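Given the structure is predicted, the values throughout are model-derived calculations rather than measurements. This chain uses plain numbering: 1 for the first residue, then up along the sequence.
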Amino acid sequence: MNLLLLGRGKTGSLVAEVAAERRHQVRVAGAKENANGAALTLASLENVGCVIDFTAPHSILPNIEACVKAGKNMVVGTTGWYKDVDHVRQLVKQHGTGFLYSPNFSVGVSLFLEIARTAAAALQHSSGGQIFERHHVHKKDAPSGTAIALQQMILEASGAALKDLEITSFREGEVVGMHEVVFESAADRIYLCHDAKSRRGFAEGAIRSAEWLAGKTGFYDFKNVWREL
Ligand SMILES: NC(=O)c1ccc[n+]([C@@H]2O[C@H](COP(=O)([O-])OP(=O)(O)OC[C@H]3O[C@@H](n4cnc5c(N)ncnc54)[C@H](OP(=O)(O)O)[C@@H]3O)[C@@H](O)[C@H]2O)c1
């Protein structure tokens, strides 16, 4: 595929590497090349099969709007924009493009979310819980998109058993991403933990998502498609 990758930061650089390993043609545009949307004109997008975005919360909406309006499929890994998810879903529908997003493209995290959902569904009333998330000091948003997704999923699955699930965020050194869930009852405490050893899982998930999205239209969340990749 011809891929345009937005963002040459910590994760974007690895996405470019995985794209090349999987024999895609990849062009990368960082903040400089994409100043004022310079990389996202109709002409520059002409031969692009899919745009992949790993940039920053302040730039993601203009990037999405330009790509979707140009009729391009998109895979979005950037976090911190989810209050606008309904607006983006509508835009994708209106322009008939394909769009796949996730706060976390790791298959391991997707499995972790399923495990947490199963545990929450089995909780009895009067249980409590907490989420802890740790990331590197450069991360721009808090709590992490993954922690918010985890919180929503657990609260939904627990029915009335959990009233609230507090998220505590830590920013330390170069931690790639660690998420912990603690379920508490009067009798015991259950710990679930996912610890990303590198960014490789995110990059592989994003490239495999772009491959999966080829030729499709519609608005997709990685949590609903990762088993098909
Ligand atoms: N979904 C997932 O699996 C997943 C995994 C990891 C990270 N993330 C998310 O992905 C995003 C990037 O993470 P990261 O760790 O790679 O951050 P990062 O190292 O800070 O990289 C972000 C890069 O985006 C560039 N950028 C900013 N605005 C841009 C624009 N308009 N066009 C093109 N490039 C632009 C920045 O360039 P300058 O430095 O020149 O400003 C920077 O190099 C964050 O939102 C993070 O939360 C998601």
Side-chain angles (χ1 to χ4, degrees), residues 10-11 14-15 18 54 57 75-83 85-86 100-209 212 219-229:
K10 291 182 286 300
T11 316
L14 208 53
V15 174
V18 173
F54 278 89
V75 168
V76 172
T78 305
T79 54
W81 59 277
Y82 303 131
K83 65 177 182 0
V85 76
D86 288 338
L100 200 161
Y101 81 105
S102 178
N104 199 310
F105 277 106
S106 147
V107 166
V109 162
S110 304
L111 192 56
F112 174 68
L113 290 171
E114 293 293 317
I115 293 166
R117 185 215 294 267
T118 305
L123 285 179
Q124 302 294 313
H125 290 271
S126 80
S127 298
Q130 256 182 302
I131 293 174
F132 299 98
E133 60 103 345
R134 289 167 202 276
H135 283 87
H136 52 88
V137 291
H138 320 285
K139 186 164 175 60
K140 296 195 172 74
D141 52 324
S144 68
T146 304
I148 295 169
L150 192 56
Q151 182 192 46
Q152 283 170 353
M153 181 179 269
I154 291 173
L155 286 176
E156 267 171 40
S158 79
L162 282 176
K163 299 278 175 285
D164 191 22
L165 197 58
E166 187 188 355
I167 301 175
T168 306
S169 302
F170 299 94
R171 296 291 172 260
E172 298 170 350
E174 297 300 328
V175 179
V176 174
M178 180 190 263
H179 292 86
E180 292 167 277
V181 181
V182 182
F183 293 120
E184 293 268 356
S185 77
D188 49 21
R189 190 173 288 137
I190 299 171
Y191 292 99
L192 302 174
C193 176
H194 179 276
D195 189 7
K197 288 158 81 174
S198 79
R199 292 185 171 79
R200 177 98 199 165
F202 311 137
E204 284 178 354
I207 292 298
R208 286 164 65 191
S209 293
W212 181 90
F219 189 84
Y220 304 96
D221 184 327
F222 186 70
K223 73 174 179 228
N224 300 320
V225 307
W226 64 273
R227 284 189 178 80
E228 296 175 37
L229 299 183

To the closest 0.5 Å, what do you measure between CZ (F105) and OG (S110)?
9.5 Å

Sort out for me which residue in V75, L14, T11, V76 forms a side chain to side chain contact (heavy atoms under 4.5 Å, CB included) with F54.
T11

Yes or no on side-chain contact (heavy atoms from CB on, under 4.5 Å) for V15 and R199, after CA distance, side-chain angles and deciding distance?
CA-CA 9 Å; V15 174; R199 292 185 171 79; over 6 Å; no

Heavy atoms only: give me the nearest D141-K139 pair and the separation to one decimal.
OD1-NZ, 3.0 Å

Partners passing side-chain hydrogen bond (donor to acceptor under 3.5 Å, both in side chains) against R171 (at least two apart in sequence or in another chain):
E133

Report the distance from atom NE2 of H136 to atom NZ of K10, rounding to the nearest 0.5 Å.
5.0 Å

By side-chain hydrogen bond (donor to acceptor under 3.5 Å, both in side chains), which residues pair with S144, not counting sequence neighbours?
H179

Applying side chain to side chain contact (heavy atoms under 4.5 Å, CB included) to Y82 and not counting sequence neighbours gives T79, Y101, P103

Is any NZ, NE, NH1 or NH2 atom of the basic residue among R134 and E180 found under 4.0 Å from an Asp or Glu carboxylate oxygen of the other?
yes

Is F183 close to L192 at the side-chain level, that is, under 4.5 Å between some pair of heavy atoms?
yes

To the nearest 0.5 Å, atom CG of L155 lies from atom CG of L165 at 5.5 Å

Compare every heavy atom of S209 with every heavy atom of G205, then report the nearest pair and how far apart it is.
O-OG, 2.7 Å

Distance col, row H135:NE2 vs M178:CE, nearest 0.5 angstrom, shows 10.5 Å

Applying ring pair (Phe, Tyr, Trp, His ring centres under 6.0 Å) to Y220 and not counting sequence neighbours gives W212

Heavy atoms of S169 and P143 approach each other most closely as OG-CA, 3.4 Å

To the nearest 0.5 Å, how far apart are CG in L100 and CZ in F222?
8.0 Å

Here the pair of heavy atoms bringing I167 nearest to A147 is CD1-O, 3.7 Å

Are the side chains of H138 and E174 in contact, using a 4.5 Å heavy-atom criterion?
yes

side-chain hydrogen bond (donor to acceptor under 3.5 Å, both in side chains) partners for T78, two or more places apart:
D53

Is any side-chain heavy atom of F202 less than 4.5 Å from a side-chain heavy atom of V176?
yes

When you compare the side chain of K223 with that of N104, does any pair of heavy atoms fall below 4.5 Å?
no

So which pairs with a foot in residues 185-196 pass side-chain hydrogen bond (donor to acceptor under 3.5 Å, both in side chains), sequence neighbours left out?
E184-R189, S185-D188

Can you measure from CG (L111) to CZ (R227) and round to the nearest 0.5 angstrom?
7.5 Å

Check ion pair R208-E204 (N to O, under 4.0 angstrom)
no

